[in-house]
Every structure is written in C-alpha cells, then in structure tokens.
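First the structure, in the form of structure tokens, and then the observations on it.
Because only heavy atoms are used, hydrogens play no part in the values below, and waters and symmetry mates are left out as well, while side chains stay in.
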Amino acid sequence: MPGRGSVDGLEITYFVGIDVGTQGSRALAIDESGSVVASGTAPHEILTPRPSWVEQRPEEWWEAVKESVSLLSEQIDLRQVAAMGLTGQMHGSVFLDADDEVIRPALLWNDQRTVRQTEWMTEVAGDLLLNTALNPAIAGFQAPKIIWLREEEPENYARVAAVLLPKDYVRFKLTGSKTTDVADASGTLVLDVAARRWSPELLDAFDIPAKWMPGVLEGPDVSGHVTEAMAFQLGLPAGIPVAAGGGDNAAAAVGNGIVRPGIVSSSIGTSGVVFAHSDSPDPDPQGRLHTMCHSVPGKYHHMGAVLSAGGSFRWLRDAIFSSDLATLAEGGPSGDDLYDRMAAVAAQAPVGSEGLVFLPYLTGERTPHMDSAARGAFVGLTIRHESAHLVRAVMEGVVFALRDSLEIMKDLGISVEKIVATGGGARNEMWLRLQADILGAPIWRMEVEEGPAYGAALLGAVSVGAFGSVQEAVDAVVRYVDPVEPDASTAPTYARYFDVYRSLYPVLRDSTHRLGELAEG
C-alpha cells in the first residue's frame with residue numbers, strides 16, 4: 001500500500017486526524033485497516049466576555065493539539081505516521097497580523113454578536129449570497145465577524161493581514177501554510193460554492209481584501225508538510241504530508257460513510273446536524289438548509305443545523321439538576337455517566353411528556369428559522385410535571401428540531417434511504433429510541449464511531465494514496481450495525497406533538513425577540 005514505512009522492522013503505517021473542537025482538541029491515529037490505535041484529547045477554555053459573545057484563544061488550540069499528540073506518543077511510535085488530516089469547528093475567525101501573531105481571541109461559530117452586520121450584508125448582497133454562497137447571512141459565519149471587527153475594533157482591524165478558520169490556524173503552525181479546504185470555506189459566506197473558489201463579487205461587496213483569504217483545496221489534497229521545527233516539538237517525522245481536511249461536519253460525514261446520495265446522518269453533539277450528501281449544489285430556495293461543498297472532491301452536501309442540541313441537555317443538567325440529578329435514577333449501575341442517568345430519568349415519563357414541549361433555541365436557531373434572536377421555551381407546564389417530564393421534553397424537543405431539517409430535505413426531493421446516528425446521540429439507547437420514533441425510520445449506528453477526527457485521518461490516508469479515493473476509503477473501513485427500529489405505536493402521538501412544536505415558533509417569535517431586547521437593556 002502506498003505510503004508504507006518501516007521503523008525498527010515494523011511494516012506499519014499510521015494516519016493521524018486532528019480535530020480542533022469547541023470543548024477540546026482531539027488527536028486520533030488509525031492503521032491501514034481503519035482501526036483506531038491511539039487517541040488523546042486536551043480541553044479548551046471557552047470565553048464569554050459579554051452576553052451572546054463566545055471566544056477562544058487560538059494559542060490554546062495549539063497547546064491542546066500538542067498535548068493530544070503527546071498522548072498519542074504514549075500509545076504508538078509517532079515515527080510511523082505517514083500523513084495527517086485536519087478538521088475542526090467551523091466559522092470561527094482567527095485574525096493574524098503581518099508578523100503572523102494572533103491579534104485578538106477568535107470569535108466562534110456560536111457567537112451571536114454580528115446580527116447588525118448580517119442585516120447589512122443582506123441589504124447589500126442578499127441575492128448574491130443566496131446565488132453564490134448558497135446560504136443567507138446569519139450570525140456565526142465568518143464574514144460577519146470580519147465586518148464586526150472593522151466596525152467595532154478598528155485598531156485591531158487595521159492590523160489584520162490574514163484571516164483563518166480554527167483548524168487552519170493549527171495547519172499554519174504545523175506547516176507554515178495559510179490554506180483551507182472547500183468544505184470549511186463554505187462557511188465563510190464569501191466562497192462561490194458551485195465554483196469551489198473565493199468569490200470576487202462577494203469579497204468586493206463586503207469590502208474584504210482577497211489577499212487576507214487562504215488558499216483553497218479539496219479535502220484530500222496535500223496542503224503542506226510538517227516543518228522540522230514543529231516535528232521536533234511534536235515528536236513526528238519532518239515532512240509528513242498534511243491533508244486539507246474539512247470542517248467538522250464534512251469530516252465527520254466522511255468517517256460516517258455519508259459520501260453518496262441516500263445516506264443521511266443525524267448528529268447530536270453540542271449542536272445537532274442532519275447531513276446529506278449531494279452530487280450537485282442545489283440549494284434550498286428559501287435558505288433554510290445550508291448548502292456547502294463536501295470533503296469529497298467535486299461533491300456537495302445539504303445540512304440542517306440545530307445550535308443547542310446536546311447543549312440544551314447540558315444546560316438542563318447545569319441549571320436545574322446539577323445538585324440532585326445523580327439520585328434521580330436510583331438503581332443504575334455505579335459509575336453511570338450523569339447524562340445516562342438523565343436519559344434514564346426521561347424514560348420514566350410518557351411519550352410527549354404529558355403535554356410538555358421544549359423549544360431548544362437557547363443560543364438562537366439556524367434550521368429552519370435562521371434567527372439568532374430566537375429563544376428557548378418550555379410550553380405546556382402544569383403542576384403535574386416533574387423532573388422526568390422536563391428531561392424527556394428537552395430530549396424530545398431536540399429530536400423535533402432534527403426532524404424539522406429532515407422534513408425540509410424530503411420536501412426538496414433529497415434521497416433519505418438510511419439514517420445514521422452519530423455523536424452523543426448514538427451512544428445512548430434513549431436518544432436512539434427517540435430518534436427512531438420521532439424521525440419515523442430505522443436508526444443505524446456505526447461499528448466504530450469516532451467523530452470528525454476519524455474522517456480527517458481517512459482524508460490524510462487518501463492524500464498519500466493509501467486509498468484511491470474518499471469513497472474507496474469509506475468502502476474499505478466504514479461498517480454499520482443493526483438499527484434501532486421505530487415503535488409504530490408512538491408514530492401518531494409524535495406526529496401530533498410535532499405539529500404543535502412547529503406551530504410554536506411563529507407564535508412566540510415576536511415576544512421572545514422583545515424579551516431579548518429587554519434583557520440587553
């Protein structure tokens with residue numbers, strides 16, 4: 001197999017994927033069969049200097065990457081690494097000066113400070129955005145952050161010489177190359193998605209200098225090589241090829257086998273995502289779904305995004321049940337994860353949580369509303385409702401939000417033949433049961449589910465010819481296990497609850513917007 005090496009007589013080649021996530025950075029190594037042989041994770045601090053602001057220090061990403069790679073070195077011989085691939089949280093903005101130093105903390109994907117800038121972008125280039133970037137201007141994407149810096153921090157803006165996405169800052173540290181990939185670049189709002197290149201028209205419309213933008217490559221293309229200095233720091237061989245990789249959703253889709261029409265993933269992590277492969281860039285005319293480039297060369301994907309999926313579950317844990325939830329699911333095995341105990345509590349409540357519905361819009365919402373000012377809500381509370389009802393309603397509300405995306409895909413004629421669960425929602429039986437029942441379809445699981453880092457490692461393997469294509473890599477290593485089948489007896493009930501769920505946002509929209517304005521003073 002191409003790229004094989006020999007160290008101390010061992011004919012083994014490893015491929016490493018690095019995921020610069022929101023909560024932490026993860027390094028993962030696979031062998032030529034796709035088996036995971038090592039992994040390591042190091043956390044990041046999340047900064048919230050003001051309400052709706054979410055930032056991180058890029059320098060901490062790099063320290064976390066170094067730590068996670070160091071953990072790999074305790075499990076494998078890093079001299080046998082043949083290639084690397086990168087992935088990470090999308091949309092963030094890393095501002096570098098002429099000396100390649102970070103100017104200020106990066107604004108993240110879930111930062112909501114840019115509402116005014118997105119309104120301006122829509123006024124000056126709304127049709128161009130939908131026709132070229134194939135997405136509307138929404139808070140969280142990268143271009144509004146650049147405009148915000150120009151308007152709110154002009155001294156910092158005057159220093160900018162380059163703008164990178166989160167994983168691409170790590171690439172720059174590794175290789176010295178300012179490069180991105182088409183999938184991650186699709187989340188900037190200045191990429192011509194169909195042409196897979198930066199759009200001069202959009203850059204001009206928003207007065208963003210083209211020279212600030214990195215080079216753009218396909219996911220398995222080699223973007224650079226690990227420098228001698230960085231190889232020394234990390235314990236890697238100098239000159240290792242680094243694949244362009246992909247944004248976290250596209251890379252995860254590679255690892256989950258979503259590289260052909262008909263297979264759709266349902267992901268529940270901090271955010272929730274419904275992801276479908278597409279051979280062509282056919283956007284939703286109403287702009288409810290994201291249409292972006294895939295990490296598969298020449299291919300695209302449609303994506304529905306729920307901003308607070310597992311995030312809603314974590315909020316419930318921290319805000320309401322942190323002190324006493326461990327006692328709620330009495331009789332569970334010792335050492336149970338607290339989230340598993342919460343799911344066990346939810347199972348004690350009936351389908352529909354006795355008339356209680358939760359809207360998971362805790363940090364605004366994307367699909368289908370594209371409303372950064374949306375707010376969450378419990379609707380239907382009565383004196384009968386207890387902890388179990390609250391937990392189940394949150395879980396059901398998250399899956400209702402995922403169904404919103406799936407229904408749009410079906411209405412647009414996107415093929416949905418198989419649904420694959422990923423993220424935290426694939427590792428808990430209650431989450432799997434709710435997805436099967438509410439989405440009304442069998443929910444398949446991965447034999448090995450390792451998230452975006454696994455897809456990045458596969459892209460690294462393709463970059464050096466270990467596989468002839470991304471599809472070939474997926475066919476060789478990705479396997480599914482028996483699905484969780486939907487319970488037909490719940491379908492009529494959940495259909496009625498979903499109708500109520502969909503009716504609530506239009507009714508509550510104006511009131512929740514006013515509450516947000518009151519909270520901001």
Under 4.5 Å between any side-chain heavy atoms of [X] and [Y], yes or no?
X: Thr512; Y: Tyr505; value: no
X: Thr180; Y: Lys167; value: yes
X: Leu149; Y: Val160; value: yes
X: Arg150; Y: Asp207; value: yes
X: Val36; Y: Leu28; value: yes
X: Leu402; Y: Val273; value: no
X: Ser25; Y: His44; value: yes
X: Val193; Y: Thr132; value: no

Arg196 NZ/CZ over Tyr300 ring centroid, <6.0 Å and within 45° of normal: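 Cation-pi check for Arg196 and Tyr300: passes.
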From Asp100, Leu96, Leu174, residue fulfilling side chain to side chain contact (heavy atoms under 4.5 Å, CB included) relative to Tyr169: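 By the side chain to side chain contact (heavy atoms under 4.5 Å, CB included) criterion, Tyr169 pairs with just one of Asp100, Leu96, Leu174: Leu96.
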Where [X] and [Y] come nearest, the two heavy atoms and their spacing:
X: Gly460; Y: Ala83; result: O-CB, 3.3 Å
X: Pro220; Y: Ser463; result: O-CB, 3.0 Å
X: Gln117; Y: Arg113; result: OE1-O, 3.8 Å
X: Ile240; Y: Val81; result: CD1-O, 3.7 Å
X: Val115; Y: Ser372; result: CG2-OG, 2.9 Å
X: Ile268; Y: Ala309; result: CG2-CB, 4.2 Å

Any side-chain to backbone donor/acceptor pair from [X] onto [Y]? Under 3.5 Å, distance only.
X: Asp111; Y: Val54; result: yes
X: Asp77; Y: Arg79; result: yes
X: Asn256; Y: Ile258; result: no
X: Ser278; Y: Pro281; result: no
X: Tyr454; Y: Gly34; result: yes
X: Ser223; Y: Val242; result: yes
X: Asp221; Y: Glu218; result: yes
X: Trp198; Y: Pro214; result: yes
X: Ser271; Y: Ser308; result: no
X: Asp168; Y: Leu164; result: no

Is the closest basic N to carboxylate O distance between [X] and [Y] below 4.0 Å?
X: Glu450; Y: Arg26; answer: yes
X: Glu152; Y: Arg116; answer: yes
X: Glu155; Y: Arg159; answer: no
X: Glu517; Y: Arg514; answer: no
X: Asp475; Y: Arg260; answer: yes
X: Lys145; Y: Glu55; answer: no

Side chains of [X] and [Y] only: does a donor on one sit below 3.5 Å from an acceptor on the other?
X: Ser267; Y: Ser265; answer: no
X: Glu45; Y: Gln56; answer: no
X: Asp19; Y: Thr87; answer: no
X: Asp371; Y: Tyr361; answer: no
X: His225; Y: Thr175; answer: no

More than 12 heavy atoms from other groups under 6.0 Å of CG on Asp411: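 Counting other residues, nucleotides and ligands, CG of Asp411 exceeds 12 neighbours.
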Atom CD of Glu228 with >12 non-hydrogen neighbours under 6.0 angstrom: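 Counting neighbours around CD of Glu228, 12 or fewer heavy atoms of other residues, nucleotides or ligands fall under 6.0 Å, so no.
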To the closest 0.5 Å, what do you measure between [atom1] ([X]) and [atom2] ([Y])?
X: Ile408; Y: Leu289; atom1: CD1; atom2: CG; answer: 5.0 Å
X: Asn249; Y: Ser186; atom1: CG; atom2: OG; answer: 11.5 Å
X: Phe15; Y: Met84; atom1: CZ; atom2: CE; answer: 13.0 Å
X: Leu134; Y: Cys293; atom1: CG; atom2: SG; answer: 8.5 Å
X: Leu129; Y: Glu201; atom1: CG; atom2: CD; answer: 12.0 Å
X: Arg50; Y: Leu47; atom1: CZ; atom2: CG; answer: 14.5 Å

Aromatic centroids of Phe141 and His290 separated by under 6.0 Å: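 Judged by ring-centre distance (under 6.0 Å), His290 and Phe141 do meet the cut-off.
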Trp148/Trp120 under ring-ring contact (aromatic ring centres under 6.0 Å, His included): CA gap, chis, key distance, verdict: CA-CA 11 Å; Trp148 179 90; Trp120 175 79; over 10 Å; no
Those residues that, when tested against His277, pass ring-ring contact (aromatic ring centres under 6.0 Å, His included) (two or more places apart):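 Counting only residues at least two positions away or on another chain, His277 forms a ring-ring contact (aromatic ring centres under 6.0 Å, His included) with His294.
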Verdict with reasoning, His302 to Thr291, per side-chain hydrogen bond (donor to acceptor under 3.5 Å, both in side chains): CA-CA 5 Å; His302 302 293; Thr291 300; 3.2 Å; yes
Residue pair Leu72, Val16: steps toward the side-chain contact (heavy atoms from CB on, under 4.5 Å) verdict: CA-CA 9 Å; Leu72 293 188; Val16 170; 4.0 Å; yes
side-chain contact (heavy atoms from CB on, under 4.5 Å) between Glu63 and Glu67, intermediate numbers included: CA-CA 6 Å; Glu63 292 303 315; Glu67 183 177 343; over 6 Å; no
Derivation and outcome, side-chain contact (heavy atoms from CB on, under 4.5 Å), residues Thr270 and Thr22: CA-CA 9 Å; Thr270 302; Thr22 307; 5.7 Å; no
side-chain contact (heavy atoms from CB on, under 4.5 Å) between Arg104 and Tyr157, intermediate numbers included: CA-CA 10 Å; Arg104 71 171 324 281; Tyr157 184 83; over 6 Å; no
